[in-house]
Amino acid sequence: MTESDPADPAVAMRAHCSGHVAIVGRPNVGKSTLLNRIVGHKLSITSDRPQTTRHRIVGIVTRPDAQLVFIDSPGYQTRTGGAMNRVLNRTAVQVAQDADVVILVCDGRGWTAADERIARLLPTDRPVLLAINKIDAVDDKAALLPLVQRATACRAFDEVVPISAKSGRQVPLLLDLCAARLPEGPPMYDPDSLTDRSERFLAAELIREKLFRRLGEEVPYDSTVEIEMYEELPKLRRIHAVVLVEREGQKPIVLGAGGERIKRIATEARQDLEKLLGCKVYLELFVKVKSGWAATEQSLRAYGYE
Ligand SMILES: Nc1nc2c(ncn2[C@@H]2O[C@H](COP(=O)(O)OP(=O)(O)OP(=O)(O)O)[C@@H](O)[C@H]2O)c(=O)[nH]1
Ligand SMILES: [Mg+2]
């Protein structure tokens, strides 16, 4: 492990570096889990369902020698789809194009045709690192060798690093390999900043995470969350939020029997938010039907999807 030590003369002599590191890959490989592990806070929502992330999420790491600005992206869809898929794919490609360094994340349990298509889409004029994630779930480590061979057959990688975003294994090494490839420059953000996203945005995202974790098949994909009121008081946040669903029949699913499911969703989101913000949160959650909220790129923009 090559964690940087500011007392090390080689590190002390290097000029300060800063830049953007894109985290890209197909859905569900652990990109958001990796971002959260790197930053040490839950900034990006995660679930065991594909297409959980819908926005670019910034996570900032400030060290004595470098400031690394990581950008989590929506999982790149290789099947064709509607307006949401187009918007998500555009974001994923843009994130890689705007970065100084790219981390392509794949699942150590197998390299797929979807991984290959994404690998070929990535820029060829800047460093691309392959992070083989979920190695905690790979019993036979020898099976990683054919995966590396298949991955490197479709493009060159600057480094190949097996990691576990879940346990944190080899994540410090990945961080150092990224830092070593950033251009010289001063910090871009205040050293205390963790993200460029507002509390209001993070609150909506944490609620959306609970929809993904608590609701069955299609409802999370047909939902979004809007913050109707966000009041910032000393050591307290008062929030009114609405879960928007596509169809009338989805409303009782979100509510659950006697409103028990929405209550649980609100409680879990509130607890996560209190942990992230370090203050008390009052959260009131409602559900409304808004047909067609995701039908077109224009309507998606109205709900904050770039
Ligand atoms: N065993 C294991 N599971 C992991 C690891 N990293 C992530 N996961 C799990 O993989 C699932 C997907 O993780 P996410 O971080 O949401 O994946 P993602 O790539 O951001 O997914 P999208 O946003 O949908 O593209 C979750 O159930 C995670 O807990 C890991 O290192 N080991
Ligand atoms: Mg994600």
Side-chain angles (χ1 to χ4, degrees), residues 21-59 70-79 81 84-96 102-112 114-115 117-119 121-122 129-141 143-144 147 161-175 195 197 201-202 204-215 217-218 220-225 268 272 305-306:
V21 182
I23 303 176
V24 301
R26 71 176 161 87
N28 219 26
V29 291
K31 299 178 295 298
S32 303
T33 308
L34 176 61
L35 179 92
N36 293 342
R37 168 64 63 185
I38 286 170
V39 179
H41 291 272
K42 185 167 171 173
L43 294 177
S44 196
I45 66 170
T46 66
S47 85
D48 59 6
R49 329 265 309 259
Q51 279 198 295
T52 306
T53 304
R54 292 181 185 161
H55 304 271
R56 60 194 286 291
I57 309 285
V58 166
F70 288 89
I71 302 152
D72 183 18
S73 62
Y76 193 87
Q77 289 295 301
T78 49
R79 285 168 295 152
M84 180 64 92
N85 274 1
R86 278 199 302 280
V87 169
L88 296 186
N89 277 359
R90 211 159 49 217
T91 305
V93 169
Q94 196 63 45
V95 162
V102 179
I103 301 174
L104 173 64
V105 183
C106 71
D107 187 323
R109 292 169 298 185
W111 178 263
T112 68
D115 294 309
R117 256 170 267 153
I118 301 157
L121 274 176
L122 295 177
L129 284 61
L130 178 66
I132 306 175
N133 191 28
K134 308 196 186 183
I135 51 161
D136 57 283
V138 179
D139 293 328
D140 177 16
K141 300 288 188 272
L144 294 177
L147 187 155
V161 193
I163 63 162
S164 169
K166 194 171 172 180
S167 73
R169 186 141 175 245
Q170 299 247 81
V171 172
L173 169 64
L174 184 64
L175 200 71
T195 185
R197 290 292 191 175
F201 172 87
L202 296 171
E205 283 288 277
L206 284 173
I207 298 165
R208 211 166 59 71
E209 177 182 84
K210 307 313 168 200
L211 301 179
F212 267 80
R213 291 183 176 195
R214 288 279 169 209
L215 299 174
E217 271 315 301
E218 97 287 353
Y221 296 101
D222 276 351
S223 316
T224 194
V225 174
E268 289 177 359
D272 275 3
Y305 295 93
E306 300 105 61

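Counting starts at 1 for both ligands and their atoms, following the listed order. Sequential numbering from 1 along the given sequence is applied to the chain's residues.
- Across every non-hydrogen atom of Pro220 and Glu217, the tightest pair is CD-O, 3.6 Å.
- Closest protein heavy atom to atom 1 (N) of ligand 1: Asp136 OD2, 2.8 Å.
- Here the protein heavy atom with the shortest distance to atom 6 (N) of ligand 1 is Asn133 ND2, 3.2 Å.
- In terms of protein heavy-atom proximity, atom 17 (O) of ligand 1 is closest to Gly30 N, 3.1 Å.
- Remark: of the listed residues Thr195, Val58, Leu175, Leu175 is the sole one forming a side-chain contact (heavy atoms from CB on, under 4.5 Å) with Phe70.
- Every atom of ligand 1 is numbered from 1 in the order shown, and the set under 4.0 Å from a heavy atom of Gly75 is 25 (O).
- Near Pro50, the atoms of ligand 1 lying under 4.0 angstrom from a non-hydrogen atom of the residue are 24 (O).
- Here Gln51 has backbone heavy atoms under 4.0 Å from ligand 1, and that is the only part of it that gets that close.
- At the top of the distance list for atom 21 (O) of ligand 1, counting protein heavy atoms only, stands Asn28 N, 3.0 Å.
- In terms of heavy atoms, Thr91 sits closest to Pro74 at CG2-CD, 3.7 Å.
- Looking at His55 and Phe201, their side chains come closer than 4.5 Å, going by heavy atoms from C-beta outward.
- Test Leu130, Leu129, Leu121, Ile23 against Leu104 for side-chain contact (heavy atoms from CB on, under 4.5 Å) and you get one pass: Leu130.
- Not a single N/O/S atom of Thr33, whether from backbone or side chain, sits less than 2.8 Å from the Mg ion (ligand 2).
- Residue Ser47 touches ligand 1 through its backbone alone, judged by heavy-atom distances below 4.0 Å.
- Among all heavy-atom pairs drawn from Val105 and Val29, the shortest one is O-CG2, 3.5 Å.
- Under a 4.0 Å criterion applied to the non-hydrogen atoms of Thr46, ligand 1 contributes the atoms 15 (O), 16 (O).
- Of the N or O atoms in Ser167, none lie within a sub-3.5 Å distance of an N or O in ligand 1.
- Among protein heavy atoms, the minimum distance from atom 18 (P) of ligand 1 is reached at Lys31 N, 3.5 Å.
- For the pair Glu268 and Arg214, the salt-bridge criterion is met [side-chain N within less than 4.0 Å of a carboxylate O].
- Close approach of ligand 1 to Arg49 (heavy-atom distance below 4.0 Å) involves ligand atoms 24 (O).
- Close approach to Ser164 involves these atoms of ligand 1, each under 4.0 Å from a residue heavy atom: 31 (O).
- Checking only distances, Val29 does come within under 3.5 Å of ligand 1, N or O to N or O.
- Every atom of ligand 1 with a heavy atom of Asp48 under 4.0 Å away is listed here by number and element: 27 (O).
- Residue Arg169 places every heavy atom at 4.0 Å or more from ligand 1.
- For atom 23 (O) of ligand 1, the closest non-hydrogen atom on the protein side is Thr53 OG1, 2.8 Å.
- Counting protein heavy atoms only, atom 15 (O) of ligand 1 is closest to Thr33 OG1, 2.5 Å.
- Under the 4.5 Å side-chain criterion, counting only non-hydrogen atoms from C-beta, Tyr76 is not in contact with Asp115.
- For Thr53 against Ser32, the heavy-atom pair with the smallest separation is OG1-OG, 2.8 Å.
- Ligand 1 lies nowhere less than 4.0 angstrom from a heavy atom belonging to Gly25.
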Apply salt bridge (charged side-chain N to carboxylate O under 4.0 Å, His left out) to Lys42 and Asp272, showing your working.
CA-CA 8 Å; Lys42 185 167 171 173; Asp272 275 3; 3.1 Å; yes

Between Asp72 and Lys31, does a salt bridge (charged side-chain N to carboxylate O under 4.0 Å, His left out) hold up when you go through it step by step?
CA-CA 6 Å; Asp72 183 18; Lys31 299 178 295 298; 5.7 Å; no

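- What you find for Val171 and Ala165 is that their closest heavy atoms are CG2-CA, 4.4 Å.
- Note on Thr53: counted as a metal contact of the Mg ion (ligand 2), an N/O/S atom lying under 2.8 Å.
- Using a 4.0 Å cut-off between a side-chain N of Lys or Arg and a carboxylate O of Asp or Glu, Arg213 and Asp48 do not qualify as a salt bridge.
- At a heavy-atom distance under 4.0 Å, atoms from both the backbone and the side chain of Ser32 approach ligand 1.
- Residues Thr46 and Thr52 come closest through the heavy atom pair C-CG2, 4.1 Å.
- If you check which protein heavy atom lies closest to atom 8 (N) of ligand 1, you get Lys134 CE, 3.7 Å.
- At least one N or O atom of Ala165, backbone or side chain, sits closer than 3.5 Å to an N or O atom of ligand 1.
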